[in-house]
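Atoms within a ligand are numbered from 1 in the order they appear, just like the ligands themselves. Keep in mind that what you see is a predicted model, and the values were worked out from it rather than measured.
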Amino acid sequence: MAVAIVFALLVVGSVVFSLVSPWWFTPLASNWGTIDTTLIITFVITGVVFCALILFMALALFRFRHREGVRAAYEPESGKLELWLTGLTSVGIAAMLAPGLVVWKDYVTVPADAAMVEVLGQQWGWTFRFPGADGVLGSVDALRIDADNPFGLNPDDPHGQDDVLVDGGEVRLPVDKPVKLLLRSVDVLHDFYVPHFRAKMDLVPGMVTYFWFTPTVTGTFEILCAELCGVGHSAMRGTVVVVEPDAHQPWLSEFPTFAQVAGGTALARANGQENQSER
Ligand SMILES: [Cu+2]
């Protein structure tokens with residue numbers, strides 16, 4: 001009897017806590033409100049099932065408690081009950097999975113006008129590459145990655161010459177413009193996650209993954225790595241600053257293009273060789 005009351009109180013407490021909880025999603029700052037909707041559908045369905053199961057247990061404990069002279073009836077099979085339970089479970093699971101399929105299709109169907117930005121993850125930080133004036137990212141090869149060429153760009157690819165290389169862990173994006181993020185990892189699995197955008201995706205060494213979103217609110221948002229990637233994992237943070245569209249280009253122009261970086265490296269090498277030959 002006492003246990004039945006504890007179970008009932010557990011249900012009441014869980015429902016009240018869920019309704020007045022101070023912990024909820026961070027405010028949404030992208031187009032992915034549908035991801036919140038699918039999560040809420042899952043919360044509601046699992047919540048209803050949780051309450052129904054616990055209350056049924058409380059009811060069974062109370063109704064079938066020990067009484068002198070009363071014996072339990074043995075009923076191992078009930079076709080009718082199994083049909084009901086199977087049917088209801090199927091409907092509940094389908095209702096949780098189906099909305100996700102619709103949202104996933106949107107998530108991987110990138111709008112034609114989306115800007116492209118590459119995100120490069122590395123133990124334990126983020127760098128970014130914009131395609132430059134030609135709008136095309138230059139080709140890359142992991143084997144070319146070294147201290148002078150951290151993105152592994154192909155120096156012979158004309159598309160790569162104007163690519164803008166953004167260091168420092170902060171990327172700025174224009175508000176209300178769809179953007180496709182192309183994700184690469186230098187070393188191990190990482191996961192690019194901005195809670196306010198609801199969007200996340202693994203970075204997998206050896207392949208390029210992607211997702212898209214439209215930032216809808218200006219402000220500063222934190223990038224987290226959501227894949228345990230080594231001892232510095234918790235420090236693998238960055239910042240997305242969503243700015244007004246006309247503030248974006250001035251910020252981007254502060255960063256060097258690949259041609260400038262590679263030219264500087266070539267010059268430094270040439271100077272180094274000169275110095276050596278002078279000696
Ligand atoms: Cu990581």
Side-chain angles (χ1 to χ4, degrees), residues 23-32 35-36 38-39 100 103-104 106-108 110 114-131 137-154 160 163-173 178-215 217 219-243 251-252 254-256 258 261:
W23 299 307
W24 193 238
F25 305 142
T26 46
L28 181 67
S30 84
N31 58 312
W32 290 121
I35 290 183
D36 286 0
T38 54
L39 279 175
V103 178
W104 176 255
D106 290 345
Y107 196 63
V108 293
V110 182
M116 277 208 256
V117 180
E118 182 182 70
V119 179
L120 191 66
Q122 184 169 11
Q123 287 173 324
W124 289 278
W126 305 99
T127 45
F128 307 91
R129 179 163 66 113
F130 286 76
L137 287 163
S139 57
V140 290
D141 186 339
L143 293 175
R144 292 184 194 275
I145 293 176
D146 62 24
D148 295 330
N149 187 0
F151 285 81
L153 273 146
N154 175 1
D163 286 8
V164 182
L165 311 181
V166 176
D167 208 347
E170 180 185 297
V171 65
R172 297 197 182 182
L173 298 172
V179 57
K180 177 183 185 181
L181 293 188
L182 295 147
L183 308 168
R184 281 199 298 145
S185 169
V186 176
D187 36 41
V188 299
L189 287 176
H190 299 282
D191 188 296
F192 184 90
Y193 179 38
V194 179
H196 292 79
F197 298 156
R198 302 299 188 264
K200 67 192 316 200
M201 184 66 76
D202 272 8
L203 283 68
V204 183
M207 64 189 282
V208 179
T209 52
Y210 71 90
F211 69 90
W212 76 276
F213 66 100
T214 304
V217 179
T220 302
F221 307 102
E222 193 173 25
I223 304 165
L224 307 172
C225 180
E227 185 74 59
L228 187 57
C229 59
V231 291
H233 164 65
S234 60
M236 189 167 170
R237 293 167 184 222
T239 312
V240 181
V241 183
V242 178
V243 295
W251 168 80
L252 192 60
E254 289 172 16
F255 291 91
F258 175 63
V261 173

### Query
Just wondering, is there an N, O or S atom on H233 that's nearer than 2.8 Å to the Cu ion (ligand 1)?
no
### Query
What's the SD-the Cu ion (ligand 1)-SG angle here (M236, C229), rounded to 10 degrees?
110°
### Summary
Taken to the nearest 0.5 Å, the spacing of T214 OG1 from W32 CH2 works out to 8.0 Å
### Query
With under 30° as parallel and over 60° as perpendicular, where do the rings of F221 and H196 fit, or are they tilted in between?
tilted
### Query
Do D202 and T209 have side chains that get closer than 4.5 Å, going by heavy atoms?
no
### Query
What N, O or S atom of H190 is found closest to the Cu ion (ligand 1)?
ND1
### Summary
Scanning both residues in full, the closest heavy-atom pair of G121 with D187 reads O-OD1, 4.4 Å
